[in-house]
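Sequence lines set the chain letters: A, B, ... in the order given, protein chains first and strands last, and positions in each chain run from 1.
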Protein chains: 2
Amino acid sequence: MTTPGSLDGDETVADGPASSGGRRSQRVTISDLARRLHISKASVSYALNDRPGVSEETRRRVLSLAEELGFHPNSAAVALSASRTRTIGIVIARDPALISTEAFYMHTLVGIEQYLNEVDSSLLLRLTGEHGEDLDVLRRWSRQGRVDGFILFDEHNDDQRVPLLKELGVPCVVVSSNAPDDGVGRLISSPEQTVTLLLDHLAELGHRDIAHVSGPFTFVHEQLRVKLLAEHAKRRGIRVTHLEGSYRYEDGAEMTRTVLARKKRPTALVLGNDLMAVAALRVAMDLGTAVPDELSIVAWDDSPLCELARPGITAVDQQTMERGRMAADLLFRIAAGESGLHWETPAGVLRVRDSSARANRTTPGRGPTRRLRPASP
Amino acid sequence: MTTPGSLDGDETVADGPASSGGRRSQRVTISDLARRLHISKASVSYALNDRPGVSEETRRRVLSLAEELGFHPNSAAVALSASRTRTIGIVIARDPALISTEAFYMHTLVGIEQYLNEVDSSLLLRLTGEHGEDLDVLRRWSRQGRVDGFILFDEHNDDQRVPLLKELGVPCVVVSSNAPDDGVGRLISSPEQTVTLLLDHLAELGHRDIAHVSGPFTFVHEQLRVKLLAEHAKRRGIRVTHLEGSYRYEDGAEMTRTVLARKKRPTALVLGNDLMAVAALRVAMDLGTAVPDELSIVAWDDSPLCELARPGITAVDQQTMERGRMAADLLFRIAAGESGLHWETPAGVLRVRDSSARANRTTPGRGPTRRLRPASP
DNA sequence: CTGAAAGCGCTTACAG
DNA sequence: CTGAAAGCGCTTACAG
């Protein structure tokens, strides 16, 4: 440890020419700035934080010297005295294999990062397994004072996270599909909009009998999707059967086999994510079911996988990156004490590709029959 | 701000039953522990950190009370006094679109996280654009004392990061393809092993004329790949032509068109990543070139994209997750003062799929000719 | 083995 | 507008 007194006046400069004094660059503190300018640490602090209490003249001198010396405030000291970490926490509790497969998370992170870059803040990330360790991490990070708040994904039944964070008094934003009035921030993207998008598309193509392979029912958003899709379809006279999947490839494949084995096959398949949609496509083709001629396939979430499949898979671009941005933005406002806790995400956009087409295209093959009937009562 | 004196003896307990006292849980500090146990803060600190200076009896009482009260040390205070953040930094400077497409990063992060979970540490992540902002972030985080060290990816020509971090005196590990002796930690995975894997496979299948579409030459590992692939191929009497790609789909497609337009076509294509390999597959099929009959396609990096393509794309599983784990492990050892700075990654594994097969399978189509010649002198 | 004290680098009332 | 001082919650020599 060198003593502060040994500062020799030529630290490494932030962006300027390389420093002349060799060796390891030494950390510059506000005490150094104060000493050099013959003012108090308090004045330096006021100047740096753009607060009243210093003359313009002084402020300018401080900022200029700080720039020159490449001063950056020690984040631990700031956090300790001001209880502000400029860091948000994200804890994702999913099977690692799935995390890396689904572009959703990476896209969301990119969106969040875009915002963080703008406000010079950081992301503390933790990918835990699926077994409740996430609660421990939330608790620990909160108690440790590591973050200013959290962004939560994948709300599920009996989700303990919101109650926990409320008890701990830590701000959070839930990327959510509904808006319970529990006082925490919510970035809401209602499945209703996507349901409409998908049903409009399929109805227009003449589909009146579709199957829906959802993700796990334990997720709140999946429950809503299933419910809303069923309701809206019914209203339009479209029959929907539902199967619960796991987001995994194998599951999408199996469900598709199940559906295709039925006497009365649907003409279209809606899959809860991109991986299961690709699986459906493969299985259908392997079984000799032409896509889209005999079976249309659409996915709830767009991704490169949908785009690169052949035929390309029609999917809803959920604007994931923008959602990430907004979630971060919202969290910072909440952490700063703002109210207005519920925001809505921008509308999704249907990317129409070759996997969806008119129902009842008669093609050579085990010809589909018995269609166009109204849904059973 | 409530005063410490107002502690009422029934904070929220870490894992136990819900606390009885209502309201917001209040933060527990070592002062609280010390007061309750009638010992000094120092003793509490020693006990918690498993250091000499306290009796076993006292240590047990401290740990027990800490557990009971759900105590977690304030990270800022620890960082400030002990200069240890339990946090590593990663700054990725790539086009966001590419970041989310390539499973590489997400896989690596998952691996790193596995390790961090074990040692209860965290990851500070920043995804910047491609324009040198990464250096600013490294400098700022270093000066701010936010991290104990960095893991660096994608070493490129004139990379300023290692010199910068050395100057700043911050530990780092470079996930690297070579081992210059610059005194920083390196997790090395030599392309030589992958080159051998790929050439063994292709040679065995009778390919004697291949094309290699690499990633950008600015990356050190791509330069090495190109060089080593050329050398080893030559030694085996295999002809290699090289084209420089960008890792993007469009580029993979264009390069493939270029190669297929040649009079003397290669019988196999090696692509620098999964996206370009998928692109190559599409283009070949669109142009009526049968894969693998007329053209074999192999990818340097495996991913779900390769696995899910049809035909599946033969690729090298680079054990990315394990690499991430090792990088984190190495960084922590370096930060702790260990030497032995260079580690090697585990060997990659070739995943043979349907996109590669024997050269010169005569099939209907624009029959390939003029093959099996030795490489031009 | 234990305690009192200084110090890490900031912020923030509180006097001048 | 400016400065001296206390405090954030830890760690760490240094005496007892």
Side-chain angles (χ1 to χ4, degrees), chain A residues 1-5 7 11 26-62 66 69-86 140 142-146 148, chain B residues 1-5 7 11 26-62 66 69-86 140 142-146 148:
Chain A
M1 302 288 139
T2 44
T3 56
L7 274 170
E11 315 309 323
Q26 200 164 321
R27 211 153 263 165
V28 184
T29 71
I30 60 168
S31 299
D32 300 324
L33 299 181
R35 194 174 337 108
R36 298 225 194 180
L37 296 171
H38 305 292
I39 59 179
S40 73
K41 281 160 48 185
S43 301
V44 174
S45 176
Y46 293 144
L48 291 172
N49 292 305
D50 213 30
R51 294 181 112 84
V54 279
S55 63
E56 258 321 300
E57 163 71 19
T58 305
R59 188 187 307 281
R60 250 196 303 277
R61 290 177 58 217
V62 170
L69 298 188
F71 168 80
H72 291 284
N74 179 290
S75 61
V78 174
L80 189 56
S81 59
S83 299
R84 179 172 48 93
T85 63
R86 288 188 159 287
R140 225 176 308 139
S142 299
R143 290 261 166 79
Q144 292 176 161
R146 299 202 79 142
D148 292 339
Chain B
M1 301 290 139
T2 44
T3 56
L7 275 169
E11 315 308 324
Q26 199 164 323
R27 210 153 263 163
V28 185
T29 71
I30 60 168
S31 299
D32 301 323
L33 300 180
R35 194 173 339 104
R36 300 225 192 178
L37 296 172
H38 306 292
I39 59 178
S40 73
K41 283 159 46 185
S43 300
V44 174
S45 176
Y46 292 145
L48 291 171
N49 293 302
D50 212 33
R51 294 181 112 85
V54 278
S55 63
E56 257 321 300
E57 162 72 18
T58 304
R59 187 188 307 280
R60 251 195 304 274
R61 290 176 58 220
V62 169
L69 299 186
F71 168 79
H72 291 283
N74 179 290
S75 62
V78 174
L80 189 55
S81 60
S83 301
R84 178 174 47 93
T85 63
R86 289 188 159 286
R140 227 177 306 139
S142 299
R143 290 260 167 80
Q144 292 176 163
R146 299 201 81 142
D148 291 339

OP1, OP2 of dC8(C) versus side-chain N and O of Asn74(A): anything below 4.0 Å? no

Roughly, in whole Å, what's the span from CG in Leu37(A) to P in dT2(D)? 11 Å

Distance check: side-chain N/O of Arg51(A) vs OP1/OP2 of dT12(C), anything under 4.0 Å? yes

Within this structure, what is the CZ-to-C1' distance between Arg27(B) and dC8(D), rounded to whole angstrom? 11 Å

Pairwise distance CZ(Arg61(A)) to NE2(His38(A)) - rounded to 0.5 angstrom: 8.0 Å

What distance do Ser81(A) atom OG and Leu80(B) atom CG have between them, rounded to the nearest 0.5 Å? 8.5 Å

Arg60(A) has an atom CZ; how far is it from atom P of dC1(D), in whole Å? 13 Å

Looking only at the side chain of Thr29(B) (C-beta and beyond, no hydrogens), which of the listed nucleotides dG9(C), dT11(D), dC10(D) gets closest? dC10(D)

Side chain of Leu80(A) - closest among dC10(C), dA4(D), dC8(D): dC8(D)

Could you pull out the closest heavy-atom pair between Ala79(A) and Thr85(A), with the gap in Å? CB-CG2, 4.2 Å

When both hydrogen-bonding distances must be under 3.5 Å and the geometry is Watson-Crick or G-U wobble, what is dA4(C) paired with, if anything? none

Side-chain N or O of Ser43(A) versus OP1/OP2 of dT2(D): is the shortest distance under 4.0 Å? no

Between atom CG in Asp32(B) and atom C1' in dC10(D), what is the gap in whole Å? 13 Å

Does any non-hydrogen side-chain atom of Asn74(B) lie less than 4.5 Å from one of Thr29(B)? no

Take atom CG of Asn49(B) and atom P of dA13(D), then tell me their distance rounded to the nearest Å. 13 Å

With a 4.0 Å cutoff (strictly under), does any side-chain N or O of Thr58(B) reach OP1 or OP2 of dT2(C)? yes

Atom-to-atom span, NZ of Lys41(B) to P of dA13(D) - whole angstrom: 16 Å

With a 3.5 angstrom cut-off on both distances, give the Watson-Crick or G-U wobble partner of dA13(C), or none if there isn't one. none

Arg35(A) CZ to dG9(C) P, in whole Å, measures 11 Å

From CA spacing to verdict: side chain to side chain contact (heavy atoms under 4.5 Å, CB included), Val62(B), Val54(B): CA-CA 10 Å; Val62(B) 169; Val54(B) 278; over 6 Å; no

Are OP1 or OP2 of dT11(C) and a side-chain N or O of Ser45(A) less than 4.0 angstrom apart? yes

DNA chain C nearest-nucleotide lookup for Ala82(B) and Tyr46(B): closer to the 5′ end is Tyr46(B)

So, is Ser31(A) close to the dG9(C) phosphate, meaning a side-chain N or O under 4.0 Å from OP1 or OP2? no

Is there a salt bridge (Lys or Arg N to Asp or Glu O under 4.0 Å) between Arg59(A) and Asp50(A) once you walk through the steps? CA-CA 8 Å; Arg59(A) 188 187 307 281; Asp50(A) 213 30; 3.5 Å; yes

DNA chain D: 5'-proximal contact among Ala76(B) and Ala42(B) (nearest heavy atom): Ala76(B)

For the pair made of CD1 in Ile30(A) and C1' in dA4(D), what is the distance, rounded to whole Å? 13 Å

Between the side-chain atoms of Ser81(B) and the base atoms of dC10(D), is any donor-acceptor pair under 3.5 Å? yes

